[in-house]
Amino acid sequence: MPLSPMNRREFVKKTAATGAAVAAAGTVAAAPAQAAEQQRDCPPRTWSFSILGTTDLHSHVFDWDYYKDAAYSDKAGNSVGVARVATLIKQQREAKGEDHVLLVDAGDIIQGTSLAYYFARVDPITGTGGKKGPKHPMAVAMNHMRYDAAALGNHEFNYGIETLRKFESQCHFPLLGANALDAKTLRPAFHPYTVKRIRVPGAPDIKVGILGLTNPGIALWDKDNVSGKMVFPGLVEQAKKYVPRLRALGCDVVFLTDHSGLDGSSSYGDQLPYVENASNLVAEQVPGIDAILVGHTHVEVPSYTVKNAETGEEVLLSEPYCWGFRLSVFDFELELHHGQWKVTSKKAQTLNPNTVGEDPEIKRLLEADHELVVKYVNTAVGTCTADLSAADSCWKDVPIMDFIHKVQMESVKAGLSTADAALPLISVAAPFSRTADIPQGNVTIKDIAGLYIYDNTLYGKKLTGAQLKDYLEFAAKYYHQVPAGTKVDTATLTNANKFWDYMYDTAAGVDYEIDIAQPEGSRIKNVSYNGKAVADDQVFVVAVNNYRANGGSGYPHIASAPNAYSSTNEIRQLMIDYVTAKKTLNPADFAVTNWKLTQNGTPVF
């Protein structure tokens, strides 16, 4: 992933003081002038309202960790789930007035937890065998919370367009995507925007235009689901088209909900002509925007401003982390001038729901669904002969990662043509979770789901030896350079270049070393297959997930490489099926140490 033009830590640090100051101010009530006007029974000249925002909820309904089968817990004391957020929203509506509050989401709603998987695959909302499917718990919860709109996230497309359309039909609010277009007509495949009215007694309504923008990366990440059906142009390009339209419709306030981060970066490099994290660019380049709810990058940015290059006006942005960790609150004050409302003040903050209880009505509505999922994830599928931990998986070749590689290679091997079956077969996979652990004894669905947390499917791609070395070299930039003779500290070794764990692939089936004493681009050493040095023109079949195969994280060669195999089965389910069939998970069947970290050739661990 290229270096971002704006360091995320810098803008989080920059805005921390602003967020704290806003939080200290407490709940915003109606402006004093507004109250005075009402007392004199005169038409109000000022008015205030708020837009509340969530993002990247990823089907967290309750404060629960399905992988641990326990209440969610982290070192920061966060809580998760819309059930708690709903309580904060009730408080905001009570304090400010029901007709002074709008509620918006910035996407990634229906994927991310075992609950999401259950209602997409086990008991799908689309129905099975001619029977009507259940309502999605997130639709039930968000309808109860009275959302006004939600942007499409990239993960909305993970289970296919049919599932997304069914979810859309169950929602009492529009799913917005001004840059999700029908591939044939290039017309919007979803509502681009919605216009809401804030009622003002004795004065014109305040018209609020809400424009939704999703992530162009969908074209890569969910290529199998959207290719030939939808296209995804850039956020800036579509905002330039629709923001003037909203102003022409008489909108007094234009609010964007973007499933796109703040720093102008793209994890897929130049594979698409559109920026992945473009919210700051939209604010800077498109005049007429008042504020933006930001999503996609799973960070907390309480309040951030970008000056529009054309008008000089400040655009207000806020990102409320993910999973229901936070709620963004945008407060607007307006004055009436010659029959037209003008924004005179705007500010943003994030609120933490960890001090409030879960909404009892959401608990009543969805407790049964939750219990179904708890029962499902606790289903035992086999046993394990030893404890398998992922704690060291980011710097050591550990057996739990070899389990993933084993399943990927066996599955691809079974589906290869006769010609491709004669080629050497290897596997690449990332350590998604350092806390994953498959215990000795009974192995449940949640144990495997906790190791492979994404709904990726499986590909077999063909790479040459030279391309494979480039691929591994790209992965090796995950490590900070540590000169020979310097002690290696695992706390500071990884995630160089904002290369996160899910982006870092290790390989199995081929032996190699990563020399962290060397600069980036010169770290991969002694690459061999079956004891012989890999030749540049040697051809391999590489078992790889669909996200990476379609260009996710910007790895070289893999997206354009010839296909040898593809499957619609989730890798997680293939792993569950493997244990179910074998009955016993034994590391002796798959654990092989084939890569290691070195410093000038000396092993680190």
Side-chain angles (χ1 to χ4, degrees), residues 54-91 105 108-120 122-123 134 136-142 144-145 155 298-300 320-328 350-381 387-391 432-439 441-455 501-502 572:
T54 55
T55 192
D56 295 271
L57 295 171
H58 286 285
S59 284
H60 287 84
V61 174
F62 295 119
D63 193 13
W64 192 260
D65 186 333
Y66 290 103
Y67 303 141
K68 295 180 179 178
D69 195 28
Y72 180 83
S73 176
D74 65 19
K75 293 179 181 177
N78 290 309
S79 64
V80 299
V82 292
R84 284 185 186 268
V85 176
T87 302
L88 280 186
I89 291 166
K90 278 186 177 179
Q91 292 176 352
D105 184 79
D108 276 4
I109 301 168
I110 61 172
Q111 179 278 341
T113 62
S114 296
L115 180 139
Y117 181 81
Y118 188 91
F119 286 96
V122 181
D123 187 11
H136 199 291
M138 289 302 292
V140 174
M142 295 174 79
H144 167 71
M145 295 163 71
H155 285 288
H298 293 209
V299 296
E300 181 182 7
Y321 213 161
C322 62
W323 301 1
F325 282 154
R326 301 290 184 271
L327 174 70
S328 280
T350 52
L351 302 180
N352 193 332
N354 66 352
T355 59
V356 301
E358 294 185 330
D359 180 272
E361 184 62 12
I362 290 182
K363 291 195 74 170
R364 185 189 70 80
L365 289 168
L366 295 174
E367 193 70 41
D369 288 347
H370 168 70
E371 292 300 329
L372 277 174
V373 178
V374 169
K375 182 179 179 181
Y376 166 73
V377 299
N378 280 286
T379 303
V381 293
D387 182 76
L388 303 179
S389 171
F432 292 143
S433 173
R434 301 188 190 193
T435 61
D437 186 271
I438 297 177
N442 285 340
V443 178
T444 64
I445 287 172
K446 76 173 185 292
D447 297 325
I448 298 172
L451 171 62
Y452 209 100
I453 61 177
Y454 296 109
D455 297 302
D501 293 357
Y502 77 90
R572 181 200 303 114

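Computed over heavy atoms, backbone and side chain alike; hydrogens, waters and symmetry mates excluded.
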Does atom OH of Tyr117 have more than 12 heavy-atom neighbours from other groups under 6.0 Å away? yes
Please evaluate residues His155 and Ile110 with respect to the criterion side chain to side chain contact (heavy atoms under 4.5 Å, CB included), reporting the C-alpha separation (whole Å), side-chain torsions for both, the decisive distance (0.1 Å), and the verdict. CA-CA 7 Å; His155 285 288; Ile110 61 172; over 6 Å; no
For the residue pair [X] and [Y], what are the closest heavy atoms and their distance?
{"X": "Pro353", "Y": "Gly324", "answer": "CG-O, 3.3 Å"}
{"X": "Val61", "Y": "Leu115", "answer": "CG2-CD2, 4.4 Å"}
{"X": "Asn378", "Y": "Val374", "answer": "ND2-O, 2.8 Å"}
{"X": "Ser114", "Y": "Ala449", "answer": "OG-CB, 4.4 Å"}

Hey, does the side chain of [X] reach the backbone of [Y] with a donor-acceptor pair shorter than 3.5 angstrom?
{"X": "His58", "Y": "Gln111", "value": "yes"}
{"X": "Arg326", "Y": "Tyr321", "value": "no"}
{"X": "Glu358", "Y": "Asp63", "value": "yes"}

Residues which pass side-chain hydrogen bond (donor to acceptor under 3.5 Å, both in side chains) with Asp359, listed by chain and number, not counting sequence neighbours: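 Asp359: side-chain hydrogen bond (donor to acceptor under 3.5 Å, both in side chains) contacts with Lys90, His144.
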Could I get the full list of ring pair (Phe, Tyr, Trp, His ring centres under 6.0 Å) partners for Tyr118, not counting sequence neighbours?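 Tyr376.
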[X] [atom1] to [Y] [atom2] distance, which is reported to the nearest 0.5 Å:
{"X": "Met145", "Y": "Glu361", "atom1": "CE", "atom2": "CD", "answer": "13.0 Å"}
{"X": "Asn354", "Y": "Leu88", "atom1": "CG", "atom2": "CG", "answer": "9.0 Å"}
{"X": "Leu372", "Y": "Glu367", "atom1": "CG", "atom2": "CD", "answer": "11.0 Å"}
{"X": "Ile362", "Y": "His370", "atom1": "CD1", "atom2": "NE2", "answer": "13.5 Å"}

Candidate list Thr54, Leu327, Leu57, Asp105, test side chain to side chain contact (heavy atoms under 4.5 Å, CB included), partner Val82, passing option: Leu57
Test applied, side chain to side chain contact (heavy atoms under 4.5 Å, CB included); reference residue, Pro320; option that passes from Thr55, Asn352, Asp56: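 The single option meeting the side chain to side chain contact (heavy atoms under 4.5 Å, CB included) with Pro320 is Thr55.
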Is there a side chain to side chain contact (heavy atoms under 4.5 Å, CB included) between Asp69 and Trp64? Walk through the geometry before answering. CA-CA 7 Å; Asp69 195 28; Trp64 192 260; 3.5 Å; yes
Would you check if [X] and [Y] make a side-chain contact, meaning some heavy-atom pair closer than 4.5 Å?
{"X": "Gln91", "Y": "Leu351", "answer": "no"}
{"X": "His136", "Y": "Ser59", "answer": "yes"}
{"X": "Phe119", "Y": "Val373", "answer": "yes"}
{"X": "Phe432", "Y": "Leu451", "answer": "no"}
{"X": "Ile453", "Y": "Tyr67", "answer": "yes"}
{"X": "Thr87", "Y": "Arg84", "answer": "no"}
{"X": "Asp369", "Y": "Val140", "answer": "no"}

Report the residues that fulfil salt bridge (Lys or Arg N to Asp or Glu O under 4.0 Å) with Asp387, sequence neighbours left out, ordered by chain and then residue number.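 For Asp387, no residue satisfies salt bridge (Lys or Arg N to Asp or Glu O under 4.0 Å) once neighbours in sequence are set aside.
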Using the side chain to side chain contact (heavy atoms under 4.5 Å, CB included) rule, take Asn78 and Trp323 through it: C-alpha gap first, then chi angles, then the decisive distance, then the call. CA-CA 10 Å; Asn78 290 309; Trp323 301 1; over 6 Å; no
How far apart are the C-alpha atoms of Thr350 and Phe325, what are their side-chain angles, what is the distance that settles it, and do they pass the side chain to side chain contact (heavy atoms under 4.5 Å, CB included) test? CA-CA 10 Å; Thr350 52; Phe325 282 154; over 6 Å; no
